[in-house]
**Q** 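Take a look at this one; I'll ask things after.
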2 protein chains.
Amino acid sequence: MRVISKAGEYGLRALLYMVSENGEQEYVNIRDMSEKLDISFHFLTKILQNLTQKGLLRSYRGPNGGVAFLIPPESIYLTDLIKALEGDDFFDKCLLGLPGCGEAQPCPMHNFWKEIKDKLKSEFAHTTLADLGQAIRKQRFRLIP
Amino acid sequence: MRVISKAGEYGLRALLYMVSENGEQEYVNIRDMSEKLDISFHFLTKILQNLTQKGLLRSYRGPNGGVAFLIPPESIYLTDLIKALEGDDFFDKCLLGLPGCGEAQPCPMHNFWKEIKDKLKSEFAHTTLADLGQAIRKQRFRLIP
DNA sequence: AATTTTTAAGATAAAATACTCCTTTATGCA
DNA sequence: TGCATAAAGGAGTATTTTATCTTAAAAATT
C-alpha cells in the first residue's frame, strides 16, 4: 500500500531536512541536499520547483542560492503539503476503487473508509512541518540514510 | 491516494460480481464478466489466473467453463484477498516512506499510522467477500457501470 | 565583462504498471 | 473424431511514473 508517491516522499523528506537539519542559513542548496539525502539531484529539483511554483518555497539562483521556505514551516500543514505534492484529490478516492462510489451512492466500504480518511485528514490538518521536524529532532530520527 | 492498484480493483470487483450478481451457476464466464464490468478481457484473465494459482478460485476450461470459488466467499477474508492481489507487504509500509522507519526506529508518524493501519487490518480481517456482497445487495450498489 | 554557481526547463531514458495478443491445453458436443 | 469454446501461459505493447541528461538563464563574485 504505497500511500505517497516517490516524488511525494522525496519532497517531504527534503522539506524535513530543511526544517530539522539545516541551520539558520536562508537558502538551502539543492545539490547539497540531494547528496545528503541520496536523491537524484535533477529529480529533486523538479519536485522542489513544483513547490516553489505552488508558493510554499522561494528560490534564489547564483552562488549561495537554493530554496527556502516562503511560508514558515510552523504554518505549513501536512494537508496542504501533501495536496501540493500529490494532487488535490488525494483524500477523495474510494478504497475499493469502485466506479460511481461517492456520497450519493456509497460502496459497502465507503463509510468505514471515510472514517479512516477523516482521521488521517484531521491529523494532517493539525500537524505542521515544524511539528514533524521537532519530533524528528526529539526522537533523533535519522533523515539521512 | 491510490490504495489499491488497478489490477487489485478489477480483481475485487470481479469477485464481488461473482458473489452478488451471479446466480447459482458454478463457473462464471470470464469474457462475460469482463464485458459486464467493462474490464479488458485479457487483463481480467491474468488477474483471475493469479487468484486461481493462489488457491482462491478454481477454473474450468471448455464450453460453460469459467472461474468459480474454491474457497466459499464466506471464508474469504479481505486481508487474504488483498494480500493475494496486492502482495504480502501491503500493510507494512511507512506512511511517509522514510528510509529506515520501523519498530526499531519509528518515524514521527509511525505510531499514528500504525494505529490507522491496525484499524484497516482488523476491519479487513473480519469482513469477508460474502459480507461485502450482502452489503452490495442490501444497498443496491451497482457494480456494473 | 568574465566566471562561477545555481535554478529553470525540456528532452530523453529506464522502470513499473497497465493492458493486449497469440498459442497451447482442456473440455463439451455433434 | 472433429470442431467449437474457454481458460492457461507466455510474450509483446502502451502508458505512467521515476529518474537522468542537456542546455539555457539568472544572479553573485571577481
Side-chain angles (χ1 to χ4, degrees), chain A residues 1-14 18 22 25-70 85-87 89-90 97 99, chain B residues 1-15 18 22 25-70 85-87 89-90 93 97 99:
Chain A
M1 174 171 47
R2 142 142 296 123
V3 177
I4 292 175
S5 72
K6 276 285 178 207
E9 287 177 17
Y10 293 162
L12 188 52
R13 210 134 67 79
M18 287 170 67
N22 209 59
Q25 60 177 283
E26 276 236 75
Y27 290 97
V28 184
N29 185 276
I30 299 183
R31 170 137 265 141
D32 204 56
M33 219 177 348
S34 77
E35 279 163 12
K36 289 232 177 72
L37 296 174
D38 194 31
I39 299 171
S40 146
F41 165 70
H42 290 101
F43 196 32
L44 185 57
T45 292
K46 284 248 130 62
I47 295 161
L48 297 179
Q49 261 171 36
N50 169 40
L51 294 181
T52 303
Q53 283 158 3
K54 291 203 171 126
L56 286 161
L57 301 177
R58 63 180 191 278
S59 67
Y60 209 74
R61 306 182 196 191
N64 306 317
V67 290
F69 287 108
L70 183 58
L85 288 166
E86 298 285 323
D89 60 350
F90 184 74
Chain B
M1 177 173 41
R2 146 143 294 124
V3 177
I4 293 175
S5 72
K6 276 289 177 203
E9 286 178 17
Y10 294 162
L12 188 51
R13 210 136 66 80
L15 295 206
M18 287 170 66
N22 209 56
Q25 59 177 283
E26 276 237 74
Y27 289 97
V28 183
N29 185 277
I30 299 183
R31 169 137 265 141
D32 203 55
M33 220 178 346
S34 77
E35 280 164 9
K36 289 231 175 73
L37 296 173
D38 195 30
I39 299 171
S40 146
F41 165 69
H42 294 288
F43 196 31
L44 185 57
T45 292
K46 281 261 124 64
I47 295 161
L48 297 179
Q49 259 172 38
N50 168 40
L51 294 181
T52 303
Q53 283 160 359
K54 292 204 170 125
L56 286 161
L57 301 177
R58 63 182 193 276
S59 67
Y60 208 75
R61 305 182 196 190
N64 304 317
V67 289
F69 288 107
L70 181 58
L85 288 166
E86 299 286 323
D89 61 350
F90 184 74
K93 306 271 176 66

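Keep in mind it's a predicted model, so treat the numbers as computed, not measured. Residue numbers begin at 1 in each chain, while the letters A, B, ... track the order of the sequences.
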**Q** Using whole Å, what does the distance between atom P of nucleotide D/dT17 and atom CD of A/Glu86 come to?
**A** 11 Å
**Q** Quick check: does any side chain N or O of A/Glu86 sit under 3.5 Å from a backbone N or O of A/Ser5, one acting as donor and the other as acceptor?
**A** yes
**Q** I need the OH-P distance between A/Tyr10 and D/dT17, as an integer number of Å.
**A**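 Value for this atom pair: 15 Å.
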**Q** Quick one: which of C/dT7, D/dA8, D/dG10 gets closest to the side chain of B/Lys46?
**A**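 The answer is D/dG10.
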**Q** Output the single nucleotide from C/dC19, C/dT27, C/dA18 whose closest atom is nearest the side chain of B/Ser5.
**A**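 Of the options given, the side chain of B/Ser5 lies nearest C/dA18.
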**Q** Tell me which nucleotide among C/dA8, C/dT27, D/dA19 gets nearest to the side chain of A/Thr45.
**A** C/dA8
**Q** Could you tell me which non-hydrogen atom of A/Val67 sits nearest to which non-hydrogen atom of A/Ser59, and how far apart they are?
**A**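 Scanning both residues completely, I find the closest heavy atoms to be CG1-CB, 4.0 Å.
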**Q** On a heavy-atom basis, which atom in A/Ala14 and which in A/Leu44 lie closest, and how many Å separate them?
**A** CB-CD1, 3.9 Å
**Q** Any side-chain hydrogen bond (donor to acceptor under 3.5 Å, both in side chains) pairs touching residues 41-53 of chain A, not counting sequence neighbours?
**A**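 Qualifying pairs, neighbours excluded: A/Asn50-A/Lys54.
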**Q** Quantify the bending of the helix from C/dA1-D/dT30 to C/dA30-D/dT1 as the angle between its end axes, each fitted on five pairs, to 10°.
**A** 10°
**Q** Within the modelled atom types, does a donor on one side and an acceptor on the other bring the side chain of A/His42 and the base of D/dT22 under 3.5 Å apart?
**A** yes
**Q** Rounded to whole angstroms, how far apart are CG on B/Leu51 and P on D/dA8?
**A** 11 Å
**Q** What integer distance in Å separates B/Lys6:NZ from C/dA18:P?
**A** 8 Å
**Q** With sugar-phosphate meaning primed atoms plus P, OP1 and OP2, does B/Leu48 contact a base, only sugar-phosphate, or nothing at under 4.0 Å between heavy atoms?
**A**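 No contact.
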**Q** On the nucleotide C/dG28, are OP1 or OP2 found under 4.0 Å from the side-chain N or O atoms that B/Tyr60 carries?
**A** yes
**Q** Atom CD of B/Glu26 to atom P of C/dG28: distance rounded to whole Å?
**A**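 B/Glu26 atom CD is separated from C/dG28 atom P by 12 Å.
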**Q** Is there a side-chain polar atom (N or O) of A/Asn29 under 4.0 Å from OP1 or OP2 of C/dT5?
**A** no
**Q** To the nearest angstrom, how far is A/Asn50 atom CG from C/dA8 atom C1'?
**A** 13 Å
**Q** Base, sugar-phosphate alone, or nothing: which one does A/Phe41 contact when heavy atoms must sit under 4.0 Å apart?
**A**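 Contact class for A/Phe41: base.
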**Q** Any side-chain heavy-atom pair from B/Asn64 and B/Tyr27 closer than 4.5 angstrom?
**A**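 No, too far: nothing below the 4.5 Å cut-off.
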**Q** Quick check for you: among C/dA9, D/dA6, C/dA18, whose closest atom lies nearest to any side-chain atom of B/Arg61?
**A** D/dA6
**Q** Calculate, to the nearest 0.5 Å, the distance between atoms CG and CD belonging to B/Leu37 and B/Glu9 respectively.
**A** 12.5 Å
**Q** For B/Gln53, report the nucleic acid contact type (base, sugar-phosphate, nothing); a contact means any heavy atom under 4.0 Å.
**A**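 If one applies the 4.0 Å heavy-atom cut-off, B/Gln53 turns out to touch the sugar-phosphate alone, with no base involved.
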**Q** Taking 4.0 Å as the cut-off, does a side-chain nitrogen or oxygen of B/Ser40 come that near to OP1 or OP2 on C/dT20?
**A** yes
**Q** Whole angstroms only, please: what is the CG-P distance between B/Asn64 and D/dA7?
**A** 10 Å
**Q** Identify which nucleotide among C/dT20, D/dT18, C/dT27 has an atom closest to any side-chain atom of A/Ala7, counting heavy atoms from C-beta outward.
**A** D/dT18
**Q** Quick one: are A/Phe69 and A/Leu51 in side-chain contact, heavy atoms under 4.5 Å?
**A**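 No; the side chains remain at least 4.5 Å from each other.
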**Q** Counting just side-chain N and O atoms, does B/Ser59 come under 4.0 Å of either OP1 or OP2 of D/dA8?
**A** yes
**Q** Might you point out which heavy atoms bring B/Leu48 and B/Met33 nearest each other, and give the distance in Å?
**A** CD1-CE, 3.8 Å
**Q** Quick one: B/Ile4 CD1 to C/dT17 P, roughly how many Å, whole number?
**A** 15 Å
